[in-house]
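The next block holds one structure in the form of structure tokens; read it before the comments.
Along the sequence shown, the residues carry numbers beginning at 1. All values below come from the heavy atoms of this structure, side chains included, with hydrogens, waters and symmetry mates left out.
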Amino acid sequence: MFLMKDITRDGNPVLRKRAAKVEFPLSDEDRELARKLMEYLEVSQDPELCKKYGLRAGVGLAAPQVGVSKQMASVLVPPEEEGGKPLFKDVIINPVIVSESVQYGALTEGEGCLSVDEDIPGYVPRHDRITLKYTDVDGNEHKVRLKHYPAIVCQHEIDHLKGVLFYDHINKDDPFEAPEGTVMFS
Ligand SMILES: CC(C)(C)[C@H](NC(=O)Nc1cc(F)cc(F)c1)C(=O)N(CC(=O)NO)CC1CCCC1
Ligand SMILES: [Zn+2]
């Protein structure tokens, strides 16, 4: 099981590399990686286990964040209300954003990252809606339309596969400046 000690931190060059495409059918090693990437999110979102293992509760985790430069990331966006179905749950492999809204979306509280220990204030403008194509661990192709928070999380994780970190998007001159028409939400 991945623990915080397994998560690479800002400064590690693996976080600034372009990750390699994943070959199908998955090797046993890649299948295990996918399982562990999702396991981290599930365990970290269980308050008791989160505390027990000293984790940061996470909604997404990309392979470079555990030192593996491959195009794979787990995403687990909890349901809006207790007991509901997660808004998005899958391990996205070789993801491609095939279309994106002109309109931006940003979290009012800014973003953080499991690989960045310090808080970096500022809005992170992303596309409010995206169409995402990816392959799952069984080799099935998916094409999904996402908006708001699930779209933000997937863009954050796909950035990791391109060596981009959230603060790269923050306006240096005015961190709390958001482009015209940005949908702000928390
Ligand atoms: C960095 C951290 C603050 C831990 C962030 N979590 C988060 O924003 N809130 C959260 C956590 C939950 F478990 C359940 C929940 F509904 C909300 C996060 O996991 N990430 C993932 C990451 O670092 N991936 O590389 C950062 C988020 C910022 C915007 C999108 C992902
Ligand atoms: Zn991150």
Side-chain angles (χ1 to χ4, degrees), residues 2-19 37-38 40-47 49-51 53-69 71-82 86-89 92 95 97 100-130 132 146-186:
F2 287 135
L3 299 172
M4 290 312 291
K5 67 174 177 53
D6 302 309
I7 294 183
T8 53
R9 302 302 155 87
D10 197 0
N12 185 319
V14 73
L15 290 172
R16 290 303 190 174
K17 284 172 68 181
R18 268 197 164 282
L37 286 172
M38 182 54 76
Y40 177 90
L41 301 183
E42 291 167 326
V43 169
S44 77
Q45 289 188 19
D46 175 314
L49 294 176
C50 185
K51 194 168 161 46
Y53 294 106
L55 307 179
R56 286 181 77 188
V59 284
L61 184 63
Q65 295 182 276
V66 290
V68 179
S69 195
Q71 292 184 29
M72 185 188 292
S74 56
V75 178
L76 176 52
V77 181
E80 272 164 340
E81 68 290 326
E82 275 300 299
L87 289 184
F88 188 83
K89 177 175 183 176
I92 60 175
I97 294 174
E100 54 204 17
S101 62
V102 170
Q103 188 166 38
Y104 288 98
L107 294 173
T108 39
E109 67 272 22
E111 293 189 11
C113 181
L114 288 162
S115 294
V116 179
D117 293 330
E118 63 280 342
D119 286 341
I120 302 178
Y123 294 145
V124 180
R126 295 188 185 280
H127 299 285
D128 189 46
R129 294 173 301 284
I130 60 170
L132 167 67
L146 300 171
K147 67 178 169 108
H148 300 340
Y149 193 51
I152 296 275
V153 179
C154 286
Q155 289 173 82
H156 178 110
E157 301 314 327
I158 291 168
D159 265 357
H160 276 302
L161 308 183
K162 295 186 285 188
V164 173
L165 295 177
F166 74 93
Y167 59 78
D168 299 345
H169 298 288
I170 296 175
N171 184 308
K172 309 271 178 300
D173 304 325
D174 174 3
F176 289 96
E177 185 260 349
E180 187 63 31
T182 301
V183 176
M184 304 297 297
F185 59 96
S186 54

Scanning both residues in full, the closest heavy-atom pair of Val183 with His148 reads CG1-CE1, 4.3 Å

Look up atom CG in Asp10 and atom CG in Asp117, then write down how far apart they are to the nearest 0.5 Å.
8.5 Å

By salt bridge (charged side-chain N to carboxylate O under 4.0 Å, His left out) - contacts of Asp168 (at least two apart):
Arg16

Side-chain touch Val153/Leu146, heavy atoms, less than 4.5 angstrom:
no

Can you find a pair of side-chain heavy atoms, one from Val116 and one from Arg9, that are under 4.5 Å apart?
no

May I ask you to test the Leu41-Val59 pair for a side-chain heavy-atom distance under 4.5 Å?
no

Does Asp174 CG have over 12 foreign heavy atoms under 6.0 Å away?
yes

Thr8 side chain vs Pro64 backbone, donor-acceptor pair below 3.5 Å:
yes

Return the minimal non-hydrogen interatomic distance between Leu161 and Ala62, and the atom names on each side.
CD2-CB, 4.1 Å

Ser186 versus Glu109, side-chain donor and acceptor atoms under 3.5 Å:
no

Separation between CD1 of Ile130 and SG of Cys154, rounded to the nearest 0.5 Å
5.5 Å

Where the side chain of Ser44 meets the backbone of Gly58, is there a donor-acceptor pair that is under 3.5 Å apart?
yes

Which heavy atom of Gln65 sits nearest to which heavy atom of Ser115, and what is that distance?
NE2-OG, 3.0 Å

Gap between atom CD of Glu177 and atom NZ of Lys172 - 0.5 Å precision:
12.0 Å

Does Gln155 use its side chain to pair, donor to acceptor, with the backbone of His127 at less than 3.5 Å?
yes

Which residues satisfy the salt bridge (charged side-chain N to carboxylate O under 4.0 Å, His left out) test with Glu42, sequence neighbours excluded?
Lys89

Considering all heavy atoms of both residues, which atom of Arg18 and which atom of Ser69 are nearest to each other, and what is their separation?
O-OG, 3.7 Å

To the nearest 0.5 Å, how far apart are CD1 in Ile7 and OH in Tyr40?
4.0 Å

Interatomic distance, Leu107 atom CG to Ile152 atom CD1 [nearest 0.5 angstrom]
5.0 Å

Restricting to pairs with a member in residues 163-182, which pass ring pair (Phe, Tyr, Trp, His ring centres under 6.0 Å), not counting sequence neighbours?
Tyr123-Phe176

Would you indicate whether the side-chain heavy atoms of Leu165 and His160 approach each other to under 4.5 Å?
yes

Taking the side chain as every heavy atom from C-beta outward, state whether Phe2 and Val43 have any atom pair closer than 4.5 Å.
no

Which residues pass the ring pair (Phe, Tyr, Trp, His ring centres under 6.0 Å) test with Tyr149, not counting sequence neighbours?
none

Exercise: identify the closest heavy-atom pair between Cys50 and Ala57:
SG-N, 4.0 Å

Measuring from Arg126:CZ to Tyr104:OH, what's the distance to the nearest 0.5 Å?
12.0 Å

Can you give me every donor-acceptor pair (side chain of residues 72-82, partner residue at least two apart or in another chain, under 3.5 Å) with its distance?
| unit_1 | atom_1 | unit_2 | atom_2 | d |
| --- | --- | --- | --- | --- |
| Ser74 | OG | Leu37 | O | 2.8 |
| Ser74 | OG | Leu61 | O | 3.3 |

Residues in salt bridge (charged side-chain N to carboxylate O under 4.0 Å, His left out) contact with Lys147, at least two apart in sequence or another chain
none

